[in-house]
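Let me begin by presenting the structure, written as structure tokens, before commenting on it.
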Amino acid sequence: MNNQLKQQLSEFLDDQLDAQTALNLLREIQDDKQLALTLNRYAAIGHALKNTPPIFDDGTFLAAVSAQIQQEPSYLLPTQSKQTHEPRRYQVLAAAASVALVVFLGTQTLHQPTTRESVTNVALSDPKHLTTAARPNAKEAELAPLNERIHDYLQAHNNGVYTSSDPGLHQAAKVTAYSK
Amino acid sequence: MNNQPSISAELDEELVARVQRGDKKAFDLLVIKYQHKIIQLVNRYVKDPCEAQDVAQEAFIKAYRALNNFRGDAAFYTWLYRIAINTAKNYLQARSRRSGQFEVDIQDAEKVENAPQLHDLNSPDNHLANQQIIETIKEAISLLPEEMRTAIVLREFEGMSYEQIAEAMDCPIGTVRSRIFRAREAINEKLSPLLTHGEFR
């Protein structure tokens with residue numbers, strides 16, 4: 001066992017090693033009984049220095065726990081820890097980006113002229129668009145007789161809302177409706 | 001290094017994740033990492049080193065069995081610490097059924113939590129052995145060169161970080177690492193003759 005490994009043991013006890021070095025050292029300890037004994041002694045020295053009774057383990061503790069763990073079933077849980085934290089962070093970012101996009105589009109829409117205005121403006125400024133711009137009005141004209149017929153039908157069959165906007169006619173219309 | 005606790009937690013997180021994916025050997029690494037702290041913690045309650053080791057073993061097994069419920073909301077050590085304390089208390093409760101001493105044991109353990117110097121071991125032999133070890137360690141410390149003695153005392157008694165010790169001793173942090181290691185090694189050499197005979201456990 002070299003001094004470099006022993007020094008790492010000392011630093012490991014004081015939480016001075018980075019995660020990867022500590023992991024490698026733990027693997028070395030797992031395979032090297034002498035290294036494990038040295039770690040146990042360093043730890044016991046620390047406890048004795050603090051006036052707590054030192055407990056020296058000769059390696060039987062780990063062997064006993066490990067043997068019992070081997071009798072236990074293995075876990076096969078899906079990975080969580082970091083991999084669950086990362087997507088959560090991305091989900092929050094995605095939600096924030098979506099909200100920002102909606103706000104941006106909403107603001108843009110509010111500041112734009114209405115479709116009809118813009119179409120008219122385009123049509124006035126460019127005669128080529130005249131046919132296209134006139135199409136909605138032509139369609140409305142086509143639908144006008146149908147709307148008129150629907151309106152008439154409603155006037156004849158409904159007793160209130162659709163009869164007339166003139167309050168004086170309401171009562172007569174209702175009577176007509178009852179008589180039918 | 002101020003970020004050391006998070007590095008330690010990062011390692012724990014990695015090891016726990018490996019165990020949860022079926023790597024039982026990763027749990028051995030967690031045992032190696034925490035066995036000293038857990039045995040000492042349990043010993044504050046049961047006050048017998050041999051029993052403390054048995055109870056600590058049980059605590060590790062319970063932790064393994066409960067690991068599917070560990071979601072990382074608390075640090076792994078905090079979670080393990082709670083399991084160890086509960087296991088120790090259950091052990092004392094079972095022992096109290098034989099002797100009716102449970103309340104006294106718990107009260108004693110809680111006093112000792114706040115005053116480690118009140119430790120007392122059951123067996124007079126154990127007490128003597130530990131006294132001899134402590135005397136040997138104190139003697140070894142007194143024989144250390146001044147700078148090594150100061151470094152190990154600041155670390156172990158005062159619980160100072162390497163950065164704080166470097167600042168207090170006005171030296172590079174690498175020197176602090178080296179001094180603390182050499183101090184431990186010098187004490188270890190003095191202890192070896194006592195420990196190799198297997199008298200102390």
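For the numbers below, each heavy atom of this structure counts, side chains included, while hydrogens, waters and symmetry mates do not. First the proteins, then the strands, lettered A, B, ... as listed; each starts at 1. On a predicted model such as this, the values are computed, not experimentally measured, just so you know.
- Between Tyr34(B) and Tyr81(B), the ring center distance fails the sub-6.0 Å criterion.
- Looking at Glu72(A) and Lys24(B), no side-chain N of the basic residue comes within less than 4.0 Å of a carboxylate O on the acidic one, giving no salt bridge.
- A cation-pi contact links Lys37(B) to Tyr77(B), judged by a cut-off of 6.0 Å to the six-membered ring centre and 45° from its axis.
- With a threshold of 4.5 angstrom between heavy atoms, Ala26(B) does not approach chain A through any atom at all.
- Ion pair Arg184(B)/Asp14(A) flagged as a salt bridge, since at least one NZ, NE, NH1 or NH2 atom sits closer than 4.0 Å to an Asp/Glu carboxylate oxygen.
- Neither the backbone nor the side chain of Gln20(A) comes within contact range of chain B; no heavy atom of the residue lies under 4.5 Å from a heavy atom of that chain.
- For Tyr64(B), the parts sitting under 4.5 Å from any heavy atom of chain A are the backbone and the side chain alike.
- No donor-acceptor pair closer than 3.5 Å links the side chain of Gln30(A) to the backbone N or O of Asp28(B).
- Ranked by heavy-atom pairs shorter than 4.5 Å toward chain A, the options Phe181(B), Phe60(B), Phe157(B) are led by Phe181(B).
- When heavy atoms are compared at a cutoff of 4.5 Å, Glu58(B) does not approach chain A at all.
- A 4.5 Å side-chain heavy-atom check between Gln8(A) and Leu5(A) finds at least one atom pair inside the cut-off.
- Ionic pairing of Asp58(A) and Lys33(A) is not present here: no N-O contact between side-chain nitrogen and carboxylate oxygen is shorter than 4.0 angstrom.
- With a threshold of 4.5 angstrom between heavy atoms, Arg182(B) does not approach chain A through any atom at all.
- In this structure, the portion of Ile137(B) lying under 4.5 Å from any heavy atom of chain A is its side chain and not its backbone.
- Both the backbone and the side chain of Leu39(A) come within contact range of chain B, judged by heavy atoms closer than 4.5 Å.
- In this structure, the portion of Lys138(B) lying under 4.5 Å from any heavy atom of chain A is its side chain and not its backbone.
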